[in-house]
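Atom set for the values below is all heavy atoms of this structure, side chains included, hydrogens, waters and symmetry mates excluded. First listed ligand is number 1; within each ligand, the first listed atom is number 1. Throughout, residue positions are numbered sequentially from 1 according to the sequence presented.
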Amino acid sequence: MGHWALDDIPWELFDRNKVDPEIVRIVKAASLVEYNGVAYAHHLCRIFNDDPEFQQSARQWGDEEIQHGRALGRWAQLADPGFDFSAAFGRFQAGYQVDFDCDTSRRGSRSGEMLARCMVEVGTSTYYTTLRDAAREPVLKEICHNIAADEIRHYKLFYNNLMRCCERERIGFWRRLRIAAGRVAETGDDELAYAYYAANETTRPYERRRYSRAYAGRACALCREHHVARGLALIFKAVGLNPRGLLTRAASRFSWWLIRYRGTHWRESATEVH
Ligand SMILES: [Fe+2]
Ligand SMILES: [Fe+2]
């Protein structure tokens, strides 16, 4: 059982006058990525094939990610009645495929896998907290509030399992840093860009750079400094560094500069992309 259900959302409060079309575009893209969570839950169950307790948590996690996709997709259809969630998800699945059908993590170990999952959950928890704060539409605000709470629970689930895995399979600091930085850098890969494309574009051909910037520019424009600082603290904690140390603060300032740059420049170049 999850912590909330689709029926808990006050859909009747939907207010069309408070919908921001720029936000609708990134919500559509996020709905497709979230709804794809089942494939990854299956992969985690194979990596932890001798750990039924964690497998159960991974399945529950996968169900919650799918529910995020359903809630965001339903909201996007209210905001844009022309949006066909099933058709867009079909386009996303046809064009973006990752081979999850294997028993080993591409991070090299179970600990590495858990660390990479922590990075993803930091990203999603920061993203939905940002969206919740930016949204004026009350139903979207409520959905993002619920999802952000799930994402931080997911971070804790993977962080606790990371600590457990490290008791038997310790990974050194530099390796941790490499895995964490590598996973953060992967946000520029095809998954989000292709989801944005599949959700918002039906005529032009796909271009990773164009649609990656269209998505990231819009998301970064909504982000505020305190969202970044909180995300960096969670990243540093998972890597094994002091989340309140000088290095965290310096990295947080640099990340905030980068996000502002993207929010302004990528956002500007993305305005012609619909
Ligand atoms: Fe999610
Ligand atoms: Fe999550």
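Residue contact annotation: E34 places an N/O/S atom under 2.8 Å from the Fe ion (ligand 1). For H154, the nearest N, O or S atom to the Fe ion (ligand 2) falls under 2.8 Å. Coordination check, E65 versus the Fe ion (ligand 2): passed, since an N/O/S atom of the residue sits under 2.8 Å.
Among F85, Y194, Y197, Y96, the one residue that satisfies the side-chain contact (heavy atoms from CB on, under 4.5 Å) test with L32 is F85. A salt bridge (Lys or Arg N to Asp or Glu O under 4.0 Å) with D51 holds for exactly one of R168, R164, R110; it is R164.
When the N, O or S atoms of E121 are ranked by distance to the Fe ion (ligand 2), OE1 comes first. Nearest to the Fe ion (ligand 2), among the N, O or S atoms that E151 has, is OE1. Restricting H68 to its N/O/S atoms, the shortest distance to the Fe ion (ligand 1) is reached by ND1.
Defined by atom type and a distance below 3.5 Å, a donor-acceptor pair is missing between the side-chain atoms of W4 and E142.
A 4.5 Å side-chain heavy-atom check between W11 and R74 finds at least one atom pair inside the cut-off. Side-chain atoms of D133 and R224, non-hydrogen and from C-beta on, never get closer than 4.5 Å to each other.
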